[in-house]
Amino acid sequence: MNKGILFVTGLVLSVLVMSGFVLAADPRQAEAVASVTVPGYRSLTLTNEAISFGTLVPGTNNNMAVNPQLIARIGPETNVETDVNVQANSTSFTDGSGHTLNIANNFFFAGRLDLVAPAPSEFQEYAQANAKVACTTAALGGGACTIWHRLNIPQAQQASTVSPYTISVTVSATD
Amino acid sequence: MKKRCKSSIIFSILILSSLFLSLTFIDAACSLGATPLGAGAKVKPGTEVLVVWNFYNLYGDRTTHISVTKTSGPDWDIRYEPTFHEEQYEISGVVTPMNENLAVENSSVVLEIPSTIPEGMDYVKHPSKDGYIPVKTLKIYIKVPANAKLWENFGFTFQAKGDCFTEPGAVIPAVATEMKVNITTTTEFSEKKVSDKKGIIELTGGIIGANLTTGLIAFGIIALIIIVFLILKMKKKGKTNFSY
């Protein structure tokens, strides 16, 4: 009898121990995260530069640049979304003699995907902040955008003496 | 006859004028390429982060002079290598100064990386065709302040502006692009249990539960008590049976 009781006791305890391993087992799956970074490539090429208006008389408006239009090309290796922006690097043209020609209401740009001259309504005013050119190119595989320029010469604008009025502009390719 | 002669003279003048006009405009291609366009790092405060920015000029027909500036981000100590400096260039016989960090000459994709690479240069894999792009490298060192707040993200934007010469004294519209750098401050890895659960018996998720040791001991004790009780009861019955 005592042996039987001991046997049953041992069996029950064994079952409980084994059950503990099974029921309390909390199989955790090891997790590892795989990651990769693909670097971005982007290039911008400007051709037909040196935006030139030639000689303009004061009091004339909507004067288009006389040289072939600026072309902004995004390189075919570009693999990121890209906007083309233009920005004037100062608030006015200067002629090296202290004379200035303010860009506000006078200096404009328009972007097109073709060589057709933009309508007046397509032109945007140059500013010192980045302004997105309407013909933003597609990202992958590159593309080209033509940028046109227009200039008004206010009445009684002082003549440029030492050198022509010039301004520096930046065309940027960004996200 | 006279009229025809006059027309042809006028026509010739017009053609010559247009030729003259077209000759005064120098057709130039100024190009700037860059990679990568973003970078990130997790560093401890007090560390100096190095970001390498590569520039290339595959589509221009002249050298692009590059200057790099930070356009947004906290006022941490930042230095560039090469530093921003003035160089002298002879443009069509006229010596002209240019401020830059570095200059990238126009180049082409190569099929193999040369065995010897000059200092400041490198080659990166072309992303969409066979070959490698020659690049000039700019190093940007960003010093994270020792008292920078932990587990914070600090974002920077760097702009690279490229200028090209056309004729002495003339600089054409600049090309530009940018790179975003994100720095997260961190510290050494450590793990510490915050709440001490002694005295609380966890019996969850099953008969015995997630906590193997506690559950097992509890059930073991209960089982033992039941068994001992049964044994004692059976013994009592046995004694009673033999009491005649």
Side-chain angles (χ1 to χ4, degrees), chain A residues 1-2 4-6 8-9 12-13 15-17 19-26 37-52 54 66-68 70-73 75-80 82 85-87 89 130 140-142 147 163 166 168-175, chain B residues 21-22 24-38 40 56-60 124 126-129 133 159 161-162 164 166-167 169-180 205-213 215-216 219-220 223-224 226-228 230-231 234-235 238:
Chain A
M1 192 65 153
N2 281 340
I5 291 164
L6 280 170
V8 170
T9 308
V12 169
L13 280 173
V15 168
L16 283 170
V17 168
S19 304
F21 278 112
V22 171
L23 292 167
D26 186 12
T37 300
V38 177
Y41 291 70
R42 176 191 284 134
S43 70
L44 171 65
T45 303
L46 296 182
T47 51
N48 296 335
E49 301 180 74
I51 306 159
S52 177
V66 297
N67 54 324
L70 191 62
I71 299 177
R73 278 195 178 85
E77 80 289 355
T78 300
N79 64 348
V80 290
T82 298
N85 306 288
V86 294
Q87 176 185 0
N89 297 332
N130 262 339
L140 303 176
I147 305 173
S163 54
T166 58
S168 166
V169 304
T170 300
V171 181
S172 58
T174 60
D175 291 342
Chain B
L21 278 168
S22 65
T24 58
F25 299 117
I26 298 167
D27 194 6
C30 190
S31 184
L32 171 62
T35 184
L37 304 172
Y56 55 92
N57 178 0
L58 291 179
Y59 313 107
V124 295
H126 195 289
S128 55
K129 67 180 192 184
I133 303 173
Q159 184 195 58
K161 196 169 82 134
C164 297
T166 48
E167 55 192 38
V171 177
I172 44 188
V175 286
T177 190
E178 60 184 29
M179 174 178 68
K180 290 183 167 50
I207 293 176
I208 290 190
N211 188 325
L212 172 63
T213 309
L216 182 60
F219 271 90
L224 204 59
I226 293 169
I227 290 163
V228 166
L230 284 170
I231 292 169
M234 283 167 82
K235 268 195 171 173

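Convention: sequence-line order gives letters A, B, ...; per-chain numbering from 1. Just so you know, these numbers use all the heavy atoms, side chains as well, and skip hydrogens, waters and symmetry mates.
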I need the minimum non-hydrogen distance between [X] and [Y], along with the two atoms involved.
| X | Y | result |
| --- | --- | --- |
| Leu46(A) | Pro173(B) | CD1-O, 3.7 Å |
| Ala29(B) | Thr47(A) | CB-CG2, 3.5 Å |
| Ser43(A) | Gly33(B) | CB-CA, 3.5 Å |
| Thr35(B) | Pro39(A) | OG1-CB, 4.0 Å |

Side-chain heavy-atom pair [X], [Y] within 4.5 angstrom cut-off:
| X | Y | result |
| --- | --- | --- |
| Gln159(B) | Thr174(A) | no |
| Leu37(B) | Tyr41(A) | no |
| Leu32(B) | Arg42(A) | no |

Worksheet item: By a 4.5 Å heavy-atom criterion (distance strictly below it), what part of Lys129(B) contacts chain A: side chain, backbone, both, or neither?
Response: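 Neither; nothing under 4.5 Å.
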Worksheet entry | Engaged part of Ser128(B) at the chain A interface, taking heavy atoms whose separation is under 4.5 Å | side chain
Discussion item. To the closest 0.5 Å, what do you measure between OG1 (Thr177(B)) and CG (Asn85(A))?
Written reply: 10.0 Å
Fill in: Contacts of type side-chain hydrogen bond (donor to acceptor under 3.5 Å, both in side chains), residue Thr166(A), not counting sequence neighbours
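Partners of Thr166(A) by the side-chain hydrogen bond (donor to acceptor under 3.5 Å, both in side chains) criterion come out as none, since no residue qualifies.
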Discussion item. Checking Gln87(A) now: which residues fulfil side-chain hydrogen bond (donor to acceptor under 3.5 Å, both in side chains) with it, not counting sequence neighbours?
Written reply: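 None.
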Worksheet item: Would you say Thr45(A)'s side chain and Cys30(B)'s backbone share a donor-acceptor pair under 3.5 angstrom?
Response: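 Here the side-chain-to-backbone pair does not exist.
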Worksheet item: Does the Thr170(A) side chain pair with the main chain of Val175(B), one donor and one acceptor, at a distance under 3.5 Å?
Response: no
Worksheet entry | Side chain / backbone / both / neither for Asn89(A) at chain B, heavy atoms under 4.5 Å |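 Only the side chain of Asn89(A) comes within 4.5 Å of chain B.
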Practice prompt. For each of Pro127(B), Gly60(B), Gly40(B), Gly38(B), tally heavy-atom pairs with chain A at distances under 4.5 Å, and name the one with the top tally.
Written response: Pro127(B)
